Amino acid sequence: MSRVDLNCRPVLAAYVRLKTDPVSGDPILVFPEGVMILNATAHAILVLCDGHATGHDILTALSTQFEVDEPTLRSDVVECVADLVQRNLIILKS
Amino acid sequence: MKYRPYALLAELTYICPLHCPYCSNPVHYPHGEELATDEWKRVFAEAAQLGVLHLGLSGGEPLARRDLVELVAAAREAEIYTNLITSAIGLDRKRLVDLQNAGLDSIQISFQADEASLADTLAGARVHQRKLEAARLVRETGLPLSLNVVLHRRNIDQLEKIIALAENLDAIRLELANVQYYGWGYLNKNELLPTREQVQTAAATASAAKARLAGRMELVYVLPDYYEARPKPCMQGWGRRYLTVNPVGNVLPCPNATSIENLTFENVRKQSLAFIWHESDSFNRFRGTDWMPLPCRECPQREIDFGGCRCQAALLTGDASATDPVCEFSPHRDVVDRLLSSVAHESGHSNGLIARGNP
């Protein structure tokens with residue numbers, strides 16, 4: 001899970017939709033194989049995955065939103081991005 | 001709202017040009033006319049109202065429906081993500097572009113093996129080369145391509161070549177699912193069940209490839225559950241997340257559910273999808289945990305595996321409400337073990353495969 005380089009610029013793959021669930025109001029991802037309900041942290045991370053911001057930029061932006069220590073936030077970002085990279089739902093741009 | 005469907009599998013037709021001996025369609029096709037275009041459109045609109053966000057368009061071969069483009073457009077209109085699950089037979093450039101323009105989001109193509117000789121034998125038709133051409137066309141249009149290869153004794157040893165095929169075709173995802181032993185697969189189990197050694201070798205190959213391909217292609221390997229000690233969380237729980245509408249309009253909590261005797265299914269021609277989802281006996285029969293027998297009822301895993309698969313329990317124990325006999329705590333686990341030991345003795349002998357027929 002530590003393979004995600006924070007200098008990369010993550011972006012959601014073109015075939016992934018980040019939406020608000022019309023039933024629950026929760027943020028969700030919809031993709032070729034199904035639906036994933038996002039927690040608040042994952043949602044905040046994915047909103048910032050625009051292919052321009054680096055992992056470091058995303059960490060900086062989140063640190064103003066969440067009152068969490070830096071190591072925790074860093075591991076949240078790395079884990080969330082790595083999991084979605086593994087599933088080919090996020091692409092890492094250099 | 002405790003139960004809400006996220007995904008709908010629409011089996012548009014039972015017609016298929018392939019005759020795969022592990023087809024997930026029922027061995028005994030139900031009576032009735034295929035749903036008409038307007039009926040499917042209504043189903044999609046009702047599904048969206050219920051909360052469905054994702055649609056699998058399947059069959060049979062969904063491309064056999066001449067109204068497929070119109071159906072994709074209707075699903076897009078209802079803001080549902082669409083995934084076409086196809087053999088790719090009938091997928092030419094014009095059809096592909098029309099589907100894409102109608103809003104199709106992704107395509108999953110089945111392959112039977114890594115090369116034409118075995119693939120065409122399994123499919124009972126000369127299709128492998130046409131699938132390769134269709135897969136390349138899909139990538140030319142820019143649509144995301146997933147590959148699905150059903151694994152069994154006759155192709156599982158070619159796993160490395162199957163993975164290489166998916167890489168060559170630039171797939172975003174490769175699903176390597178072992179045969180599910182119901183219906184046609186169960187009829188052919190003595191010809192299809194891999195040995196324990198084959199399964200272990202394949203798992204190691206898949207695991208190494210998954211690590212190697214991370215970030216390029218997602219690789220999913222599903223064991224044949226007879227070799228597992230705990231059951232699969234079938235459908236993520238009965239009537240909990242998913243529903244299937246079959247070609248004649250029956251609504252099923254799982255695509256195999258018609259194999260369960262003494263369970264009757266409602267039809268979209270007679271009832272609303274919301275009524276069927278919330279109120280029908282078939283959807284409520286195995287919902288939650290109240291229906292569970294021991295040992296499931298007191299098991300700490302009961303909200304994780306949901307007691308396993310109802311169809312498998314019905315098929316192997318005669319009781320759809322029994323603990324899935326795959327589970328090491330099931331009083332019927334010996335049924336599965338006997339099947340596995342007969343495979344160990346029989347592998348190498350071949351009595352021929354029973355090919356899937358059309359209705």
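We name chains A, B, ... by the order of the sequence lines, and we start the count at 1 in each one. Worth saying up front: this structure is predicted, and the values here are computed from it rather than measured.
Only the side chain of I37(A) comes within less than 4.5 Å of a heavy atom of chain B; its backbone N, CA, C and O stay farther away. Only the side chain of I28(A) comes within less than 4.5 Å of a heavy atom of chain B; its backbone N, CA, C and O stay farther away. The parts of V30(A) that come within reach of chain B are both its backbone and its side chain, each placing non-hydrogen atoms under 4.5 angstrom from that chain.
Side-chain contact check for L53(B) versus P22(A): some heavy-atom pair is nearer than 4.5 Å. Looking at heavy atoms from C-beta onward, I172(B) lies in side-chain contact with Y15(A) at the 4.5 angstrom threshold. When side chains are defined from C-beta on, Y81(B) counts as touching P32(A), because their heavy atoms get closer than 4.5 Å. Within the 4.5 Å cutoff, the side chain of D21(A) has heavy atoms near those of the Y6(B) side chain. A heavy-atom distance below 4.5 Å is found between the side chains of E33(A) and R173(B).
Pairing each heavy atom of M217(B) with each of N88(A), the nearest pair is CA-ND2, 3.5 Å.
In this structure, E160(B) places its CD atom where only 12 or fewer heavy-atom neighbours from other residues, nucleotides or ligands lie under 6.0 Å away. Shown here is E67(A), whose CD atom has no more than 12 heavy atoms of other residues, nucleotides or ligands within 6.0 Å. Enclosure of atom CD in Q236(B) by more than 12 non-hydrogen atoms of other residues, nucleotides or ligands within 6.0 angstrom is indicated.
Checking side-chain atoms of H54(B) against main-chain N and O of F31(A) turns up a donor-acceptor pair under 3.5 Å.
Heavy-atom pairs under 4.5 Å with chain A were tallied for R241(B), E175(B), R216(B), E79(B); the largest tally goes to R216(B).
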